[in-house]
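A quick write-up on the structure given underneath.
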Amino acid sequence: PPPTSSSFFFFGGLRGSSLLADDVLRREPNAWLWIALGVETAHFWFDFVAMALFKTDLVRAMRRPLYYQMMFHHAASALV
């Protein structure tokens with residue numbers, strides 16, 4: 001999913017509040033924010049699995065160090 005979809009859910013979850021960092025960080029999660037988290041986590045896992053399935057082509061296209069950096073980025077982002 002494109003990043004804009006999770007932004008839509010994220011900002012939908014912040015309706016009625018300011019976008020000040022203190023307000024956003026202390027807000028109780030609602031259904032919209034949980035959906036945004038799910039969409040974003042699914043995005044990272046989907047990319048991770050797709051990159052694992054097409055490893056040979058991707059290593060050839062982006063070289064081994066960048067491939068492993070991107071794999072780490074997607075796995076760590078999904079877990080954290």
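Scope of the values below: all heavy atoms of this structure, side chains included, with no hydrogens, waters or symmetry mates.
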Are [X] and [Y] joined in one hydrophobic group, where the rule is that I, L, V, M, F, W and Y side chains link up if heavy atoms are under 4.5 Å apart?
{"X": "Leu79", "Y": "Val39", "value": "no"}
{"X": "Phe48", "Y": "Phe54", "value": "yes"}
{"X": "Val49", "Y": "Phe72", "value": "no"}
{"X": "Trp45", "Y": "Leu37", "value": "no"}

Considering only residues two or more places apart or on different chains, which pairs with a residue in residues 60-73 satisfy salt bridge (Lys or Arg N to Asp or Glu O under 4.0 Å)?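 Salt bridge (Lys or Arg N to Asp or Glu O under 4.0 Å) check on residues 60-73 returns Asp57-Arg60.
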
Parallel, tilted or perpendicular, as decided by the 30° and 60° cut-offs, for the rings of His74 and His43: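 Answer is tilted, since the angle falls between 30° and 60°.
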
Using 0.5 Å steps for rounding, measure from the OH atom of Tyr68 to the CG atom of Leu58.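 Taking OH in Tyr68 and CG in Leu58, the distance rounds to 11.5 Å.
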
Just so I know, are the side chains of Phe44 and Asp47 near enough to count as touching, which here means a heavy-atom distance under 4.5 Å?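 With C-beta onward as the side chain, the pair stays apart.
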
